[in-house]
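Note sheet for the following structure.
Counting starts at 1 for both ligands and their atoms, in listed order. If you're wondering where the values come from, they're calculated on a predicted model, not measured in any experiment.
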Amino acid sequence: MRIGSHVDAEDPIAGAKARGADVAQIFLGAPQAWKDPEVLYPGGAQALREAAAAADLPLVVHAPYRINVASTNNRIRIPSRTLLQKQVDAAAEIGAIGIVVHGGHVGADDDLEVGFDNWRKCLEKLERPTTVLIENTAGGDGAMARGVDRIAALWEAVRAAGAEDVGFCLDTCHAWASGEPLAGLVGRITAVTGRVDLVHVNDSRDEFGSSADRHANLGQGHIPEEDLLAVLRDANVPAVVETPGAQTEQGIDIAWLHERLG
Ligand SMILES: [Zn+2]
């Protein structure tokens, strides 16, 4: 099983090597901004694509957090669609195996159905030269991908858009915080999405069902070790740690997983 890490975009190859990671997840540009994607690797997209292939290092892109294609607010939804398309295109240019985007949310007083339908409309227009992976999120009343019931409704929209190529990224911290038991979760999600493509393996600084999105290093948070490992074994897909610290701490997390998964 490939276990990787979120790393700095300037040199994902070196960042992965320093952690013992064999998948590298990066941002293409500032994660909190509305700016166009940028490839910080010297030599640009083509050079990064070639270097990653030569290093046998699959790349994953994480889309900026601001993207919320579910939003009922035009001034968020429309730029979100535009930026997501640019990010998907840029991810394809670097040869990424996929791009992770959060499920997004509507306002607390909004109808969830409007949000799911906004996903349908987005996916009907979105060109997908690489795999779009929708990630579950931790909290929020109006969240689109919080808990299996919402994910099932979201996937009805995915199917209605004819977007069966869209995949799923399961974040263990987010699932735990959302109050979704991890035991058997891969099976419950696969039953509604047909797939889990990537795992974000993070421990949680908070209690089960807290709705808080605060990642912890593996074995240092509240998620039972066996629950974390069971998700990885059940999913049997590439996994990425998005844990606190840099190469030392994340390197320890990756080694922690390899020791236990064999
Ligand atoms: Zn994540």
Side-chain angles (χ1 to χ4, degrees), residues 1-9 12 15-16 19 21 23-32 58-70 84 87-88 91 96-105 130-140 143-148 150-151 154 166-180 182 185-186 189 193 195-206 208 210-218 220-223 227-229 231-232 234-235 237-246 249-250 253-254 256-257:
M1 185 184 297
R2 282 185 181 266
I3 298 170
S5 176
H6 191 99
V7 298
D8 289 339
R19 292 162 170 82
V23 182
Q25 177 179 286
I26 58 172
F27 293 119
L28 291 176
Q32 304 290 359
L59 300 173
V60 175
V61 170
H62 198 302
Y65 299 117
R66 292 207 169 185
I67 290 178
N68 182 8
V69 301
L84 180 57
Q87 285 274 333
V88 171
I97 58 171
I99 175 166
V100 176
V101 59
H102 286 181
H105 55 91
T130 187
T131 306
V132 172
L133 304 168
I134 304 177
E135 180 178 4
N136 63 311
T137 51
M144 295 284 99
R146 177 190 180 164
V148 174
R150 300 269 180 95
I151 293 165
L154 175 55
V166 167
F168 190 78
C169 172
L170 172 56
D171 188 304
T172 54
C173 172
H174 299 174
W176 171 265
S178 77
E180 196 63 64
L182 295 190
L185 180 58
V186 170
I189 289 177
T193 63
R195 57 201 286 179
V196 170
D197 299 81
L198 181 73
V199 173
H200 279 172
V201 54
N202 302 306
D203 208 333
S204 171
R205 282 164 64 180
D206 299 281
F208 181 76
S210 67
S211 297
D213 181 6
R214 299 196 305 163
H215 299 184
N217 294 99
L218 307 185
Q220 310 289 310
H222 284 274
I223 304 181
D227 280 0
L228 278 180
L229 299 175
V231 166
L232 291 181
D234 291 352
V237 293
V240 167
V241 301
E242 302 172 308
T243 47
E249 295 87 344
Q250 293 182 338
D253 286 333
I254 290 169
W256 188 95
L257 287 169

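Asp197 contributes a side-chain N or O that, together with a main-chain N or O of Phe168, makes up a donor-acceptor pair within less than 3.5 Å. For Gln250 (side chain) and Arg19 (main-chain N/O), no donor-acceptor pair under 3.5 Å exists by modelled atom type. Between the side chain of Asp171 and the backbone N or O of His174, at least one donor-acceptor pair lies under 3.5 Å.
Side-chain atoms of Ser210 and Arg205 form no donor-acceptor pair, as typed in the model, at a separation below 3.5 Å. Checked by atom type, the side-chain pair His6/Glu242 shows no donor-acceptor distance below 3.5 Å.
Residues passing the salt bridge (charged side-chain N to carboxylate O under 4.0 Å, His left out) test with Asp234: none are found, sequence neighbours excluded.
Neighbouring protein atoms of the Zn ion (ligand 1) (N, O or S, distance under 2.8 Å, waters ignored): Glu135 OE2, Asp171 OD2, His200 ND1, Glu242 OE1.
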